[in-house]
Amino acid sequence: MKAYLTDINRTKQTLLYAKGVDRVVKQQKALQILSKNGNKRLDNLSISDTARSFSKESIAAMIDGSVNISKNQLSYYLDNYNNMSAILDAINFGENVSCGYNPDFKEHGVISFDYNGSRQIVPNYAVPKINASSLSQVCAVNNSLVLNNKSYYSWATSNGSRYTWTVNNGKIGWASSESLLAENTNQKGTNYKWEMRKASNILSALAQGKNLYGFAREDVLSVCDSVGFKTGFFSIDAGSGVHNYILQESGRVINVDKKIEQLNNMNWKEAGFKEGDTVSVYGNEYIVDSNGYINVSADDTFTSTEIIYPSH
């Protein structure tokens, strides 16, 4: 039995040695990828002193975890090494962005994304941080929220902390360059990840003209209040067109655009009304025509949140 255990230990040591050699080979490959001539490192510019102190280990860990990384996959990072804005935009507004890391060593690993038909990577430690305090807040003016597409904004959580958010074709939420590298927490985590996810989902649905089924009305009221939406008509434009709504005190949200479309597509004669009947839509009166239809325009000025149907 003793001899058997000795053989097992030797086998384990052999395997560990083989893994160690393999790791060294991968580390050398990693360092060669980020070298011009094998001596001068390319990742010593525009990186903090702290990052420089673990950059070798970071790159080695990246290769250890991914093995098949090629210089082509690092081409975007190398080409835009001194262009931090380009790196941030590629991550935050790119396609199929993902990240894998050990939360205890989040500087190890990479963020990857699709660019011009190829998969590109940026080492986690080289992803620039954004000063959220320098950004404009997500804030409505006169019940209208207008956010520039492909832009950065600041979001304040319930404890007053600010985080960097992005706007991308109607999707509003925590910037991927920072959310992907945030510590893992539960729903009561101190980074307010879940609070921001809820707000992001509600605002993104509104910005894309989607319904809010499934969201608690108290959450809808809370999120609307946080950006400055008061009860009554409000609108949002975040890179996916202008969308108009009515917010009721109960937290119910009515999609005005869809309601107008429904009213215009309805044949009022078939519904039991007659030509010449008057329908009051949000304060304006519309006459049922000879074909049985009314014509409400989203560009009309509305003075009420009520719809009053003709009496039979």
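Residues take their numbers from the sequence shown, with the count starting at 1.
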Of all pairs that satisfy salt bridge (charged side-chain N to carboxylate O under 4.0 Å, His left out), the ones with a partner from residues 136-156, not counting sequence neighbours: none

Test ring-ring contact (aromatic ring centres under 6.0 Å, His included) applied to F233 and Y245, step by step: CA-CA 6 Å; F233 287 95; Y245 301 92; over 10 Å; no

Smallest separation among heavy atoms of P123 and V110, with atom names: CA-CG1, 4.0 Å

Backbone N/O of S144 and side chain of N142: donor-acceptor pair under 3.5 Å: no

Separation between CH2 of W268 and NZ of K274, rounded to the nearest 0.5 Å: 13.0 Å

Separation between OH of Y153 and SG of C139, rounded to the nearest 0.5 Å: 11.5 Å

Whether N244 side chain and S235 backbone form a donor-acceptor pair below 3.5 Å: no

Y293 reachable from Y282 in the ILVMFWY side-chain graph, under 4.5 Å edges: no

F234-V146 co-clustered via ILVMFWY side chain contacts under 4.5 Å: no

Near-ring test Y152/F93, centroid separation under 6.0 angstrom: yes

Nearest heavy atoms of S304 and G283, plus distance in Å: CB-N, 3.6 Å

Gap between atom CG of D277 and atom CD1 of I287 - 0.5 Å precision: 8.5 Å

V288-Y309 co-clustered via ILVMFWY side chain contacts under 4.5 Å: yes

Value rounded to 0.5 Å, distance of CG in N96 from OG in S112: 9.0 Å

Check: E195/S158 side-chain N/O donor and acceptor closer than 3.5 Å: yes

No-hydrogen, no-angle side-chain donor-acceptor test under 3.5 Å, S161 and N159: yes

K171 atom NZ: more than 12 heavy-atom contacts under 6.0 Å: no

Pairs satisfying salt bridge (charged side-chain N to carboxylate O under 4.0 Å, His left out), at least one member in residues 110-121, at least two apart: D114-R119

Donor-acceptor pair, side chain of N80 and main chain of N83, under 3.5 angstrom: no

Distance-only side-chain donor-acceptor flag, Q73 / S75, under 3.5 Å: no

Spacing of K193 atom NZ and T157 atom OG1 [to the nearest 0.5 Å]: 14.0 Å

Joint hydrophobic cluster, Y76 plus L78, side-chain heavy atoms closer than 4.5 Å: yes

Sequence neighbours excluded, every pair satisfying salt bridge (charged side-chain N to carboxylate O under 4.0 Å, His left out) that has a member inside residues 209-221: K198-D219

Flag for N255-N211: side-chain donor and acceptor within less than 3.5 Å: no

Residues D300 and Y286: side-chain donor-acceptor under 3.5 angstrom: yes

Taking every non-hydrogen atom, the tightest pair across M84 and P128: SD-CG, 3.3 Å

Polar side chain donor-acceptor pair, N92 to S177, under 3.5 angstrom: yes

